Amino acid sequence: MERRLAAVLIADVVGYSRMSEIDEARTRLLFHSDLRELFEPRTAQHHGRLVKTMGDGVLVEFHSVVDALHCAVELQQEKARRNAALPPEQRMVFRIGVNLGDIIVEGDDIHGDGVNIADRMQVLAEPGGIAISGTTYDHVKSKLAIGYRALGEQKVKSISEPIRVYRVVLDPVTEGKISGARRDRQSGAVHVAAIGIATLLFAGLTWWQPWQPGGDASVVSSDTRPSLVVLPFDNLSTDTEQGYLADGLTEDLTTELARIPGLFVISRNAAFTFKDKPRLPSDVSTQLGVRYILEGSLRRTGGQMRINAKLIDSMTNGNIWAERFDGEWKAVFELQDRMVGEVATALKLRLVTSEQTAVAGGTTNPAAYEAYLLGRELELREKPEDWIEAVKYYEQALAHDNAFGNAAAALAWMYREAHWTEARSKLLGVSQDEARSRANAYFAQAAKNPSPAYYRLLAGRLNMMQKSDEAIVAASRAIALDASDPSNYESLSMAMITAGSRMGSTILMPQHVSIPLGRAGATSLPDSPTSRRTVTRKLSSPSKRSVRN
């Protein structure tokens, strides 16, 4: 295995799925035309190597980071000139990310953190724009006739340390200039744009941002509810690979506690930035803007399980509740319910008892639950070989419980991505047409036991059909079932953007959403471009958070 330092450029088409839905053949023709007439000659001119295409993405390697950024600038400037002469339906717009970092070379392919960070930069770029990492900026800041806008340090997916991010300002007048970092830095880079838009649209949604580092203290104080974060539980099992059990427990507790009226619970995304890191209660409280901290550990030996948990008041650094739960793995749900109840009692709050929200899309079968957690763990690794195994585990989960809506939604998502990406369909051993057929079948199965993930998929489909009002209802259903998941708010924000001025004042705050949660009748898979992630064509399951809800 060879490692080397390299500059990596990743480009991705904005709204590719929407364009393909309208005319797939023409969209592929436009992409390959840009590849042949624009990317290939510009890459060669700047001494780069076109490594591969990834569906609607392009991966390029350069020896010089100056050459990489120079190429990116010329690509976007030339693309803007070409688009100006085209009708809107024929304009293909790219986001580009550039990073200088360590890569792993295997044959003609490259991967590793250097590539992953470049892709995270692409996600943070504006349509038609360029985003670069701090290592890139340090080497190019005075080399090109462009300016920069600092976004500050961003916590991005699969990278342990925050990354400095800059957006390129293409106006030559700004040469060498840099504007200040935004104050409201987001903890989850994947959701930066959507969460920011949702916050602006929800004038009353001030409670959404208390945990953001560097946030305004007045935002924290404006919400008088008790605030809580469930930190990632430690895996104390002798088998270190059983960390997925501890992660699943953490996520489920976050979801269940978020349903307690009068309690504000920090999202799973923000909480997991503290995973495997030393943490003092005072530091957690300061960075996330919470008073109460729930932390603990899980140990599983065979069929037996022990959960230790404690609730900390950050104002005193003292424990206000601590307990040990012993039992058999098959009783995992009962143990979780006991924990939620005791935490609620310690905070003198009342549990929601709605039967609908307690079972939506979930399972009471421990074997199905464990298979689902294994599938999700493999899927989140974002390695192609792991996705094949993830599908198998999700299918096992459905075999144990064919009413497990979350597992069906996860499979619908994975096969939907395989339908849009030939390399993904080949990886899973199916044709793209067969992938679509399977995706629709699993989507129809998920509709029988709707979960938040299902409603996000449904919202995407309705958006593509220009039924934005109905998409808003679907996304609101997801929030009603799981108010702690940022993906639900991203889905709602995209629906609201599509609705535009017709939105009016009819959208209710999440804690007041009152929408029938009956079975939806949709039977075909939503084709939404809003949730695609990561360099290998972005397979981040919409069901990766809420398991039992």
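Residue indices begin at 1 and follow the sequence shown. Please read all numbers here as calculations on a predicted model, not as lab measurements.
- A side chain to side chain donor-acceptor pair (under 3.5 Å) with H419 holds for exactly one of E434, R438, R436; it is R436.
- Closest approach of A471 and N463 over heavy atoms only: CB-OD1, 3.7 Å.
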Query raised in the report: side chain to side chain contact (heavy atoms under 4.5 Å, CB included) between L411 and Q445: does it pass, once the steps are laid out?
Result: CA-CA 10 Å; L411 286 164; Q445 188 171 355; over 6 Å; no
Report task. Given salt bridge (Lys or Arg N to Asp or Glu O under 4.0 Å), test E389 with K392 step by step and report yes or no. Result -> CA-CA 5 Å; E389 295 301 312; K392 293 178 181 178; 3.3 Å; yes
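- Residues V473 and R477 form a side-chain contact, since some pair of their non-hydrogen atoms from C-beta on lies under 4.5 Å apart.
- The CD1 atom of I130 sits 14.0 Å away from the CG atom of L124 when rounded to the nearest 0.5 Å.
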Query - V290 and L228: CA distance, side-chain angles, deciding distance, side chain to side chain contact (heavy atoms under 4.5 Å, CB included) verdict - result: CA-CA 6 Å; V290 296; L228 172 79; over 6 Å; no
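- In this structure, CE in M54 is found 5.0 Å from CD1 in I10, a value given to the nearest 0.5 Å.
- With rounding to the nearest 0.5 Å, the separation of OG1 in T273 from CG in L288 is 6.0 Å.
- For Y393, the OH atom is loosely surrounded, since the number of other residues' heavy atoms within 6.0 Å does not exceed 12.
- Between the side chain of Q76 and the main chain of G129, a donor-acceptor pair closer than 3.5 Å is present.
- The two residues A371 and A397 come nearest to each other via the heavy atoms CB-N, 3.8 Å.
- Residues E379 and W413 are in side-chain contact: their nearest non-hydrogen atoms beyond the backbone lie under 4.5 Å apart.
- Judged by distance alone, the side chain of R167 and the main-chain N or O of L151 form no donor-acceptor pair under 3.5 Å.
- Pairing each heavy atom of A418 with each of L428, the nearest pair is CB-CD1, 3.9 Å.
- The CE atom of M121 lies 6.5 Å from the CD1 atom of I117; values are rounded to the nearest 0.5 Å.
- Between the CG atom in D401 and the OG1 atom in T363 there is a gap of 3.5 Å [rounded to 0.5 Å].
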Query raised in the report: Where do R376 and E251 land on the salt bridge (Lys or Arg N to Asp or Glu O under 4.0 Å) test, with the steps shown first?
Result: CA-CA 12 Å; R376 182 182 54 190; E251 296 179 10; 2.6 Å; yes
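- Looking at heavy atoms from C-beta onward, Y442 lies in side-chain contact with E395 at the 4.5 angstrom threshold.
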Query raised in the report: Checking side chain to side chain contact (heavy atoms under 4.5 Å, CB included) for the pair N269/K155: CA distance, chi angles, key distance, verdict?
Result: CA-CA 10 Å; N269 297 52; K155 182 68 179 67; over 6 Å; no
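- The line from OG of S468 to CD1 of I497 is 11.5 Å long, rounded to the nearest 0.5 Å.
- When the side chain to side chain donor-acceptor pair (under 3.5 Å) test is applied to R28, the partners found at least two apart in sequence or on another chain are Y16, H32.
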Report task. Please lay out, stage by stage, how Y415 and N440 fare under the test side chain to side chain contact (heavy atoms under 4.5 Å, CB included). Result -> CA-CA 9 Å; Y415 278 111; N440 286 335; over 6 Å; no
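- Here the closest non-hydrogen pair linking L373 and G248 is CD2-CA, 3.8 Å.
- Between A459 and S491, the shortest heavy-atom contact is CB-OG, 3.4 Å.
- For the pairing with V229, the side chain to side chain contact (heavy atoms under 4.5 Å, CB included) check across V284, V265, T254 returns one residue only, V284.
- At least one side-chain heavy atom of I472 sits under 4.5 Å from a side-chain heavy atom of L492.
- Annotation: side chain of F94 is in contact with side chain of V13 (closest heavy-atom distance under 4.5 Å).
- The two atoms that bring A474 and Y455 nearest to each other are O-CB, 3.3 Å, heavy atoms only.
- Looking at Q90 and R26, their side chains come closer than 4.5 Å, going by heavy atoms from C-beta outward.
- Proximity of T250 to L231: side-chain heavy atoms (C-beta onward) are nowhere separated by under 4.5 Å.
- Two residues are said to be in side-chain contact when any heavy atoms from C-beta on lie closer than 4.5 Å; N116 and D119 fail this criterion.
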